[in-house]
A.B. asks: 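Below you will find the structure I want to go over with you.
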Amino acid sequence: MNLKLNPIKTVESAIFRLFKNDPKLKNYFGEKIDPIIRLSDPKFGDFQANGVLALAKSKNLNAIELANDISQKLSDEEYLGTKYFRMSVAAPGFINFSLKEDFLIKWIQSFNSIDAITKDISKYYDKKTIIVDFPSANTAKQAHIGHLRPMVIGESIARIIEFAGAKVIRDNHIGDWGTNFGTLIMIIKKELIDLKSIGTPSEALEEIDRLYKKASLIEKLTPELRDTSRNELVKLQNGDLENTQIWENIITISNQAFEELFEQLGVRIDVTLGESFYKDKVQRVYDELSDLKIAEESEGALVVWHNETKKFAKNNPRPFPFNIRKKDGASNYASTDLATLIYRIEHFRAEEIIYLTDARQKDHFEQLFLTANKWIQAKNYPKPNFKHVWWGTILGSTNKPIKTKSGGSIKLQSIIDEAIIRAKEVVSQKNPQLSENEKDSIAKAIGIGAIKYADLSSNRTLDYVFEWDRMLSFEGNTAPYLLYVFARINSIFKKSNLNKTIQDFSKLSELETKHERLLVRKLIQFSFALEQSLSDLRPHFLCTYLFELSGIFNTYYSNDKIIHENAETQLRRLTLCHRTQLILKLGLKLLGINTIEKM
RNA sequence: GGGGGCGUAGCUCAGUUGGAUAGAGCAACGGUUUUCUAAACCGUAGGUCACAGGUUCGAGUCCUGUCGCCCCUGCCA
């Protein structure tokens, strides 16, 4: 048997082979059937094939008889055989599959390292070039809680598809070319501010943020200043040296301040190409889309209608065009996104582009993709896949979007700081004997891990409620609970005299207890969870799995003594600890969460 | 007005894309430690899956309608 990480694949390919080779089945159903194999309730087995029911129905056959026929044929050595799988049929026509002991052992022996797992899973994307557009940091403004989800979800998705074999380019598409720069330059000149002398990047950014708010207020009181600002913006756009210098300083400060956050949150960025980079590339968008008659003038602006989609059709009572050039001739979000998209195809040879934003931008991306596809088709450009990965809002305890008491947005840095402080309080309380350094590094891992895990563990398309006590709790589906299991296993290895970095754990002796078997079966389900997360780019499937794995490990731990007088038993149980740790570390890594050796 | 999302236990959430008797965690109640980290484990209780129809062997999941909440709806990104 060719062992696959995911045994469902093995079962599936045996069924496909059967339907290809068996003349009777092939005649009746053809080769393109879907066996619909799913995990099943443990009392029925490990997996079940639900597809027989539909097949039987399509030809008016007795489903149980068909299921019996198929499962009997699968027992042939040519297909699944009987060494590794046990099959049974249940009403009204399910085929149940159980993994036999030999399979459990063989699987554990085969997938004994990250490399072994990587080798299997990297075929999923097979070196496809994928641009992940995140976290779209803004400039001249401090990061707030709204930046949390793009950083956390984006990083996790990037890691997951990278692990699945994609060549990932993380492109931070910064908003560095807005009208706000006129206002900022105005106030900076007016107050003779030297941005470089302010302090650290985040302090400087805070000052810029404050200056902008102040300037907006002044503009309201003295409208002449608004003209000054507009004039500064025009000068900037025309390449005025002094204004360009100020603009560059602001961008540099913003990027540096964001990098501090990326560093803390473990976000990696490959390229940072903002709107300013595309400012000389939007003309091509206007030209080509106009020439192709994809875009047309409307109320002075250049827009794209999509008549095949009711919502974006021209004859809609309340029209909703894709506006790609404002009536004053300026570019906007849409023009830049189109220019960016073409650049990514031509320069990066992107085969897939994943955009990460919140739910409110769904219409924009629907219009963007419709427009891009028409453009690409007309010009015969290479056509990548487009995906919009979106998410809901972070809510406060009142079930309204989370805000500070005064109604402002909460700074991302203050969230991180508070998480670490809260985590440290708990660590100090639980383990007062640790050194201050140890407490700090543990608190950092737990605090940041907790924020991230809270964001990732529920379905991203839903809103979620931000609750400190829950995310930092050591009970339930939380980062601390998972991290604890990891640390606990470390402690076992320390107590045993086996060095897990030297020992290869390549053999596994016969399993003895029910908890050993349950743990192995759960370990085997890893790839299933991973593939679920991959198929829809939803990390919460992986979270749910890791939580369940941890629970099963804890049960195992409290029932089966691992440090054992019998050397063989001890080695086997330590091997299971080793694999649990392997999967936990890998899974958490894919979520962007660092493990800690002790806590 | 139009479009989209959501509604599952007191609370926070899962529910394997239509499968077998709807699951966790918290909170509540009860139990487990001379033994590898009790930051753990085990148990009890808690449900008209918003409501009403429909589709079929089979619906929390798909379709229609109703109610409720949230978001988007021409030049912000």
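Below, chain A is the first sequence line, B the second, and so on; all start at residue 1. Here the structure is a predicted model, which means the values were calculated and not measured.
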A.B. asks: Of the listed nucleotides (B/rC13, B/rA39, B/rC72), which one gets closest to any side-chain atom of A/Ser458?
C.D. replies: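 Of all the options, the side chain of A/Ser458 is nearest to B/rC13.
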
A.B. asks: Could you tell me the separation between the CZ atom of A/Phe553 and the P atom of B/rU37, rounded to a whole number of Å?
C.D. replies: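 In whole Å, B/rU37 P lies 11 Å from A/Phe553 CZ.
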
A.B. asks: Rounded to whole angstrom units, what separation is found between the CZ atom of A/Phe320 and the P atom of B/rG74?
C.D. replies: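 Value for this atom pair: 6 Å.
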
A.B. asks: Roughly, in whole Å, what's the span from CG in A/Leu542 to P in B/rA14?
C.D. replies: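 Going from CG in A/Leu542 over to P in B/rA14 covers 15 Å.
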
A.B. asks: Looking only at atom P, what distance separates B/rU55 and B/rC63, rounded to whole Å?
C.D. replies: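 Comparing P positions in B/rU55 and B/rC63 gives a spacing of 15 Å.
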
A.B. asks: Under a 3.5 Å limit for both distances, which nucleotide forms a Watson-Crick or G-U wobble pair with B/rG46, could you say?
C.D. replies: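 Here B/rG46 is not engaged in any pair, so there is no nucleotide opposite it.
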
A.B. asks: For the side chain of A/Val465, starting at C-beta, report the closest nucleotide among B/rC72, B/rA20, B/rU12.
C.D. replies: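 Nearest to the side chain of A/Val465 among the choices is B/rU12.
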
A.B. asks: Are any of A/Thr555's side-chain N or O atoms less than 4.0 Å away from OP1 or OP2 of B/rC42?
C.D. replies: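 A/Thr555 to B/rC42 OP1/OP2: side-chain N or O found under 4.0 Å.
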
A.B. asks: Just by distance, no angles: are the side chains of A/Asp176 and A/Thr139 close enough, under 3.5 Å, to form a donor-acceptor pair?
C.D. replies: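 Absent: no donor and acceptor within the cut-off.
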
A.B. asks: For A/Gly551 and for A/Glu275, locate the closest nucleotide of RNA chain B by heavy-atom distance; then report the residue assigned to the nucleotide nearer the 5' terminus.
C.D. replies: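 Checking each residue's closest nucleotide, the 5'-ward one belongs to A/Gly551.
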
A.B. asks: Could you let me know what B/rA14 is paired to, Watson-Crick or G-U wobble, both distances under 3.5 Å, or none if it's on its own?
C.D. replies: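 For B/rA14, the partner nucleotide comes out as none, under the 3.5 Å rule.
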
A.B. asks: For nucleotides B/rU8 and B/rC49, find the distance between their P atoms and express it as a whole number of Å.
C.D. replies: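 It works out to 11 Å between them.
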
A.B. asks: When you measure from the side chain of A/Glu475, which nucleotide among B/rA39, B/rA40, B/rG74 comes out closest?
C.D. replies: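 In terms of side-chain proximity for A/Glu475, the closest of B/rA39, B/rA40, B/rG74 is B/rA40.
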
A.B. asks: At their closest point, which heavy atom of A/Val427 faces which heavy atom of A/Ile446, and how far apart are they?
C.D. replies: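 Minimum heavy-atom contact is CG2-CD1, 4.0 Å.
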
A.B. asks: Using a distance-only criterion (donor-acceptor N/O pair, under 3.5 Å, no hydrogens), is the base of B/rA20 paired with the side chain of A/Asn96?
C.D. replies: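 Looking at the base of B/rA20, it does pair with a donor or acceptor on the side chain of A/Asn96 (distance under 3.5 Å).
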
A.B. asks: Once you round it to whole Å, what is the distance between P of B/rC13 and CG of A/Leu456?
C.D. replies: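 From A/Leu456 CG to B/rC13 P: 15 Å.
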
A.B. asks: CG/A/Asp34 to CZ/A/Phe29 distance, rounded to the nearest 0.5 angstrom?
C.D. replies: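 Reported to 0.5 Å precision, the distance equals 13.5 Å.
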
A.B. asks: Closest to the A/Ser298 side chain: B/rG74, B/rC36, B/rA40?
C.D. replies: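 Ranking B/rG74, B/rC36, B/rA40 by closest atom to the A/Ser298 side chain puts B/rG74 first.
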
A.B. asks: Taking atom C1' in both B/rA14 and B/rC6, compute the distance separating them and give it to the nearest angstrom.
C.D. replies: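 B/rA14 and B/rC6 have their C1' atoms separated by 16 Å.
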
A.B. asks: Determine, answering yes or no, if A/Phe44 is stacked on B/rA20 under the 5.5 Å centre rule and the 30° plane rule.
C.D. replies: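 Yes, aromatic ring over the base.
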
A.B. asks: By nearest atom, which of the nucleotides B/rA77, B/rC75, B/rU21 is closest to the A/Lys43 side chain?
C.D. replies: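 Minimum distance to the A/Lys43 side chain belongs to B/rU21.
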
A.B. asks: Without decimals, in angstroms, what is the distance between A/Asn50 CG and B/rA59 C1'?
C.D. replies: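 Result: 14 Å.
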
A.B. asks: Check step by step if ring-ring contact (aromatic ring centres under 6.0 Å, His included) holds for A/Phe369 and A/His388.
C.D. replies: CA-CA 9 Å; A/Phe369 298 164; A/His388 180 216; 7.0 Å; no

A.B. asks: For B/rG68, give the paired nucleotide (Watson-Crick: N1-N3 plus N6-O4 or O6-N4; G-U: N1-O2 and O6-N3; both under 3.5 Å), or none.
C.D. replies: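 Base-paired to B/rC6.
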
A.B. asks: Scan every strand shown for a Watson-Crick or G-U wobble partner of B/rG74, both distances under 3.5 Å, and answer none if you come up empty.
C.D. replies: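 Per the H-bond distance test, none.
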
A.B. asks: Determine whether the side chains of A/Gln525 and A/Asp46 contain a donor N or O and an acceptor N or O closer than 3.5 Å.
C.D. replies: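 Looking only at side-chain atoms, A/Asp46 and A/Gln525 do not form any donor-acceptor pair under 3.5 Å.
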
A.B. asks: Taking only side-chain N and O atoms of A/His364, does any of them lie within less than 4.0 angstrom of OP1 or OP2 on B/rC76?
C.D. replies: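 No, outside the criterion.
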
A.B. asks: Classify the side chain of A/Glu548 versus the base of B/rA24 as yes if they form a donor-acceptor pair under 3.5 Å and no if they do not.
C.D. replies: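 Per atom types, no contact qualifies.
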
A.B. asks: Please report the distance separating the C1' of B/rG54 from the corresponding atom of B/rC11, rounded so that it comes out in whole Å.
C.D. replies: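 Pairwise C1' distance, B/rG54 against B/rC11, rounds to 34 Å.
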
A.B. asks: Verify the contact: side-chain N or O of A/Lys326 to OP1 or OP2 of B/rC76, cut-off strictly under 4.0 Å; return yes or no.
C.D. replies: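 Checking A/Lys326 against B/rC76: at least one side-chain N or O falls below 4.0 Å of OP1 or OP2.
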
A.B. asks: How far does the P atom of B/rG47 sit from the matching atom of B/rA24, given to the nearest Å?
C.D. replies: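 It works out to 15 Å between them.
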
A.B. asks: Take atom CG of A/Asp358 and atom C1' of B/rC71, then tell me their distance rounded to the nearest Å.
C.D. replies: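 Those two atoms, CG and C1', are 9 Å apart.
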
A.B. asks: For A/Leu39 and B/rG15, what is the distance between atoms CG and C1' respectively, to the nearest whole Å?
C.D. replies: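 That distance rounds to 12 Å.
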
A.B. asks: Starting the side chain at C-beta, find the nucleotide from B/rG3, B/rC75, B/rC13 nearest to A/Lys310.
C.D. replies: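 So the nucleotide nearest the side chain must be B/rG3.
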
A.B. asks: Rounded to whole angstrom, note down the P distance from B/rG15 over to B/rA9.
C.D. replies: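 Per the computed distance, 15 Å lies between those P atoms.
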
A.B. asks: Looking only at heavy atoms, what is the nearest atom pair of A/Leu205 and A/Gln142, with distance?
C.D. replies: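 Closest approach of A/Leu205 to A/Gln142, heavy atoms only: CD2-CA, 3.8 Å.
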
A.B. asks: Just checking A/Ala301: base, sugar-phosphate only, or nothing, at a heavy-atom cut-off of under 4.0 Å?
C.D. replies: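 Base contact - A/Ala301 has a heavy atom under 4.0 Å of at least one base atom.
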
A.B. asks: Any strand counts, and the cut-off is 3.5 Å on both contacts for Watson-Crick or G-U wobble. Which nucleotide pairs with B/rA27?
C.D. replies: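 Result: none.
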
A.B. asks: Of the options B/rG19, B/rU16, B/rA38, whose atoms approach the side-chain atoms of A/Phe528 most closely?
C.D. replies: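 My answer, after comparing the listed nucleotides, is B/rU16.
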
A.B. asks: Looking at every strand, decide which applies to A/Val303 at a 4.0 Å heavy-atom threshold: base, sugar-phosphate, or nothing.
C.D. replies: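 The answer is base, as A/Val303 lies within the cut-off (heavy atoms under 4.0 Å) of a base atom.
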
A.B. asks: Would you mind telling me which of B/rC36, B/rG19, B/rA40 lies closest to the side-chain atoms of A/Asn554?
C.D. replies: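 When the side chain of A/Asn554 is considered, B/rA40 is the closest of B/rC36, B/rG19, B/rA40.
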
A.B. asks: Which part of the nucleic acid, if any, lies within reach of A/Asn138 when heavy atoms closer than 4.0 Å are counted: base, sugar-phosphate only, or nothing?
C.D. replies: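 Answer is nothing: A/Asn138 stays at 4.0 Å or more from every strand.
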
A.B. asks: Where is the tightest heavy-atom contact between A/Ala445 and A/Leu483, given as atom of each residue plus distance?
C.D. replies: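 Here A/Ala445 and A/Leu483 meet closest at O-CD1, 4.2 Å.
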
A.B. asks: Taking only side-chain N and O atoms of A/Lys494, does any of them lie within less than 4.0 angstrom of OP1 or OP2 on B/rU37?
C.D. replies: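 Answer is no, no contact under 4.0 Å.
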
A.B. asks: Using purine N1 to pyrimidine N3 plus N6-O4 or O6-N4 for Watson-Crick, or N1-O2 and O6-N3 for G-U wobble, both under 3.5 Å, which nucleotide pairs with B/rA39?
C.D. replies: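 Checking every strand shown, B/rA39 finds no partner, since no pair has both distances under 3.5 Å.
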
A.B. asks: Are any of the side-chain nitrogens in A/Lys213 or A/Asp209 under 4.0 Å away from the carboxylate oxygens of its partner?
C.D. replies: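 A salt bridge links A/Lys213 with A/Asp209.
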
A.B. asks: Think A/Ser558 has a side-chain N or O under 4.0 angstrom from the OP1 or OP2 of B/rC41?
C.D. replies: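 Answer no for this pair, as no side-chain N or O of A/Ser558 is under 4.0 Å from OP1 or OP2.
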
A.B. asks: Does the side chain of A/Lys57 get closer than 4.0 angstrom to OP1 or OP2 of B/rC57 through an N or O atom?
C.D. replies: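 So the side-chain polar atoms of A/Lys57 do come within 4.0 Å of the phosphate oxygens OP1 or OP2 of B/rC57, strictly under.
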
A.B. asks: Write down the partner of B/rU34 under the Watson-Crick or G-U wobble criteria, each distance required to be under 3.5 Å.
C.D. replies: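 In the structure as shown, B/rU34 has no Watson-Crick or wobble partner.
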
A.B. asks: Is there a side-chain contact between A/Arg360 and the phosphate of B/rG4, meaning an N or O under 4.0 Å from OP1 or OP2?
C.D. replies: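 For B/rG4, OP1/OP2 do not have a side-chain N/O of A/Arg360 under 4.0 Å.
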
A.B. asks: In whole Å, measure the gap between the P atoms of B/rG5 and B/rG18 for me.
C.D. replies: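 Their P atoms lie roughly 15 Å apart.
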
A.B. asks: Take atom CE of A/Met471 and atom P of B/rC26, then tell me their distance rounded to the nearest Å.
C.D. replies: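 In whole Å, B/rC26 P lies 17 Å from A/Met471 CE.
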
A.B. asks: Between B/rA14, B/rC72, B/rC36, which nucleotide gets closest to the side-chain atoms of A/Ile562?
C.D. replies: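 Of B/rA14, B/rC72, B/rC36, B/rC36 is nearest to the side chain of A/Ile562.
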
A.B. asks: Hey, is the side chain of A/Tyr453 poking within less than 4.0 Å of OP1 or OP2 on B/rC13, counting only N and O atoms?
C.D. replies: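 No.
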
A.B. asks: Quick check: on RNA chain B, is the nucleotide nearest A/Arg460 upstream (toward 5') of the one nearest A/Asn477, or the reverse? Name the residue that is more 5'.
C.D. replies: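 Comparing both residues, the 5'-ward one is A/Arg460.
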
A.B. asks: Work out which heavy atom in A/Pro135 is nearest to a heavy atom in A/Asn172; give both atom names and the distance.
C.D. replies: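 Result for this residue pair: CD-OD1, 3.4 Å.
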
A.B. asks: Would you indicate which nucleotide in B/rG19, B/rG74, B/rA77 comes nearest to any side-chain atom of A/Tyr333?
C.D. replies: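 Of the options given, the side chain of A/Tyr333 lies nearest B/rA77.
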
A.B. asks: Pick one: which of A/Phe474, A/Tyr453, A/Phe547 meets ring-ring contact (aromatic ring centres under 6.0 Å, His included) with A/Tyr481?
C.D. replies: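 One option only clears the test, and that one is A/Phe547.
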
A.B. asks: Taking atom P in both B/rA59 and B/rU21, compute the distance separating them and give it to the nearest angstrom.
C.D. replies: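 About 10 Å, rounded to a whole number of Å.
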
A.B. asks: Under a 3.5 Å cut-off for both distances, is B/rC62 Watson-Crick or wobble paired, and to whom?
C.D. replies: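 Its partner is B/rG54 (Watson-Crick or G-U wobble, both distances under 3.5 Å).
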
